[in-house]
Amino acid sequence: MGRLLSRLMVSAAIVIGLAAAVNAPFKDTLSLPKYLAQLKPAKADQRTSYGPAKSQYADLYLPKGTRRPVPVIILVHGGCWNAEVPAETMASNAADLANAGFAVWNIEYRRIGEPGGGYPGMYEDVGAAFDTLRSVAAAHRLDLARVTVVGHSSGAHLGMWAAARHKLAAGHPLRGADPLPVRAVISLGGAPDIEHAAELLPIACPGVARIDQVVGQKTPDRPKPFADTSANQLFPLGIRTRSIMGEFDDVLPPYIGMWWQRLASRKGDDVDTHVIKGAGHFDLVATSEPEWQQVRALIVAEAQR
């Protein structure tokens with residue numbers, strides 16, 4: 001527990017510093033402790049490792065008394081792609097969504113600041129975590145025809161990318177042999193299109209993440225780093241996308257979701273943006289906040305389709 005509290009303090013320092021850097025609204029700053037308090041463990045039903053590194057795992061939360069087969073929600077946590085913000089920040093959300101009748105797969109992955117984190121290992125991990133869901137599906141009668149991805153902040157970028165990687169060329173090292181099909185992606189205060197949100201990175205993640213760490217460096221052999229790391233390069237995706245943004249989100253403002261809607265809809269994809277009035281960046285996932293109840297209702301409605 002001492003290590004967990006230490007990580008909590010570091011996480012708080014990162015996020016509070018981030019909020020101060022962007023002059024976050026008072027309500028958003030006020031919600032930070034409630035968001036970070038979610039590091040208190042919400043015990044999962046099963047942990048599955050998909051690799052040898054300590055961050056290569058996913059936690060499965062199962063609903064009680066629900067008829068099978070059960071639809072699945074994959075959670076991808078945010079935190080500026082940084083190793084100091086762990087998947088436990090979404091454990092409370094996972095438990096709450098399991099109570100709503102879903103199986104929840106809360107994934108962890110190697111992030112910037114740990115060996116193998118950033119590009120390309122982070123993408124390899126997220127893809128592998130998605131595909132490893134198949135290994136537990138039969139035992140728990142999970143409905144893999146109804147998989148919804150929910151990503152918060154930087155996790156929305158990774159979640160959207162993982163859902164779209166089937167559009168990468170066969171044999172691409174980040175694609176995977178058989179990408180798990182995803183029916184819908186819900187972006188919570190996120191930037192599915194990291195290419196056009198890259199200019200916000202120095203403001204949103206000051207001193208925590210650089211764009212070359214997130215998408216890799218431009219080289220003669222790889223002249224377009226966004227080509228295999230940003231989902232906007234893979235349109236049309238054939239995946240429903242719902243962007244849920246906070247009205248007062250100064251980390252990733254609502255126009256980011258609206259920009260994604262403009263791009264995706266012009267390519268023929270089914271996409272929509274919902275702005276939560278009065279919400280900041282962290283209110284969208286802080287389960288103690290009333291805004292989470294609105295977000296939860298939107299997630300449940302989409303995942304039940």
Side-chain angles (χ1 to χ4, degrees), residues 38 40-51 55-77 86-109 125-152 155-156 158-166 175-188 237-242 244 270 272 274 284-285 287 292-305:
Q38 297 181 164
K40 295 177 181 178
K43 186 173 177 57
D45 292 279
Q46 179 178 328
R47 174 165 292 189
T48 301
S49 296
Y50 59 86
S55 295
Q56 293 176 317
Y57 69 86
D59 286 336
L60 180 65
Y61 295 75
L62 294 169
K64 305 299 187 289
T66 301
R67 295 178 61 184
R68 299 296 201 264
V70 61
V72 183
I73 294 172
I74 299 178
L75 289 184
V76 189
H77 74 89
E88 284 86 351
T89 56
M90 298 293 280
S92 179
N93 307 91
D96 196 22
L97 291 169
N99 288 337
F102 303 95
V104 183
W105 189 240
N106 187 25
I107 72 166
E108 187 58 285
Y109 48 92
D125 282 7
V126 173
F130 272 48
D131 297 343
T132 300
L133 179 62
R134 290 190 177 102
S135 70
V136 302
H140 301 290
R141 296 188 61 195
L142 308 184
D143 187 353
L144 295 188
R146 291 197 292 166
V147 175
T148 301
V149 175
V150 177
H152 175 239
L158 293 173
M160 189 74 254
W161 172 86
R165 68 199 155 98
H166 66 282
R175 182 182 185 276
D178 185 17
L180 180 77
V182 168
R183 192 176 60 168
V185 177
I186 300 174
S187 168
L188 306 180
L237 307 181
I239 301 168
R240 286 200 309 277
T241 308
R242 301 293 180 255
I244 302 176
D270 180 357
D272 192 19
H274 190 101
L284 299 177
V285 288
T287 53
W292 165 249
Q293 296 305 315
Q294 297 179 57
V295 172
R296 181 183 189 270
L298 291 167
I299 293 173
V300 168
E302 182 60 42
Q304 284 179 338
R305 289 182 57 166

Taking the side chain as every heavy atom from C-beta outward, state whether [X] and [Y] have any atom pair closer than 4.5 Å.
| X | Y | value |
| --- | --- | --- |
| I107 | V126 | yes |
| M160 | L237 | yes |
| R141 | V70 | no |
| W105 | T48 | yes |
| L144 | L133 | yes |
| T241 | D270 | no |
| H152 | V285 | yes |
| V149 | F130 | yes |

Reported [atom1]-to-[atom2] distance for the pair [X] and [Y], which is rounded to 0.5 angstrom:
| X | Y | atom1 | atom2 | value |
| --- | --- | --- | --- | --- |
| I244 | L298 | CD1 | CG | 4.5 Å |
| Y61 | L97 | OH | CG | 11.0 Å |
| I74 | I186 | CD1 | CD1 | 12.0 Å |
| R240 | R242 | CZ | CZ | 6.0 Å |
| L60 | L142 | CG | CG | 6.0 Å |
| L75 | E108 | CG | CD | 12.0 Å |

Check: [X] side chain, [Y] main-chain N or O, donor-acceptor pair, under 3.5 Å:
| X | Y | result |
| --- | --- | --- |
| R165 | A162 | yes |
| W161 | A156 | no |
| Q56 | S49 | no |
| N106 | A94 | no |
| R175 | G127 | no |
| N99 | P63 | no |

Derivation of the side-chain contact (heavy atoms from CB on, under 4.5 Å) call for I239 and R183: CA-CA 6 Å; I239 301 168; R183 192 176 60 168; over 6 Å; no

Identify, with sequence neighbours excluded, every residue that meets side-chain hydrogen bond (donor to acceptor under 3.5 Å, both in side chains) alongside [X].
| X | answer |
| --- | --- |
| R47 | D59 |
| H274 | none |
| D143 | R146 |

Pair E88-H77, side chain to side chain donor-acceptor pair (under 3.5 Å): steps then yes or no: CA-CA 8 Å; E88 284 86 351; H77 74 89; over 6 Å; no

Step-by-step side-chain contact (heavy atoms from CB on, under 4.5 Å) determination, Q304 to I299: CA-CA 8 Å; Q304 284 179 338; I299 293 173; over 6 Å; no

Test log, rule side-chain contact (heavy atoms from CB on, under 4.5 Å), inputs T148 and F102: CA-CA 10 Å; T148 301; F102 303 95; over 6 Å; no

Partners meeting side-chain contact (heavy atoms from CB on, under 4.5 Å) with A128 (sequence neighbours left out): Y50

Considering all heavy atoms, the nearest G176-P179 contact: O-CD, 3.8 Å

Pairs meeting criterion salt bridge (charged side-chain N to carboxylate O under 4.0 Å, His left out) with involvement of residues 93-102, two or more places apart: D96-R296

Partners passing ring pair (Phe, Tyr, Trp, His ring centres under 6.0 Å) against W292 (at least two apart in sequence or in another chain): none

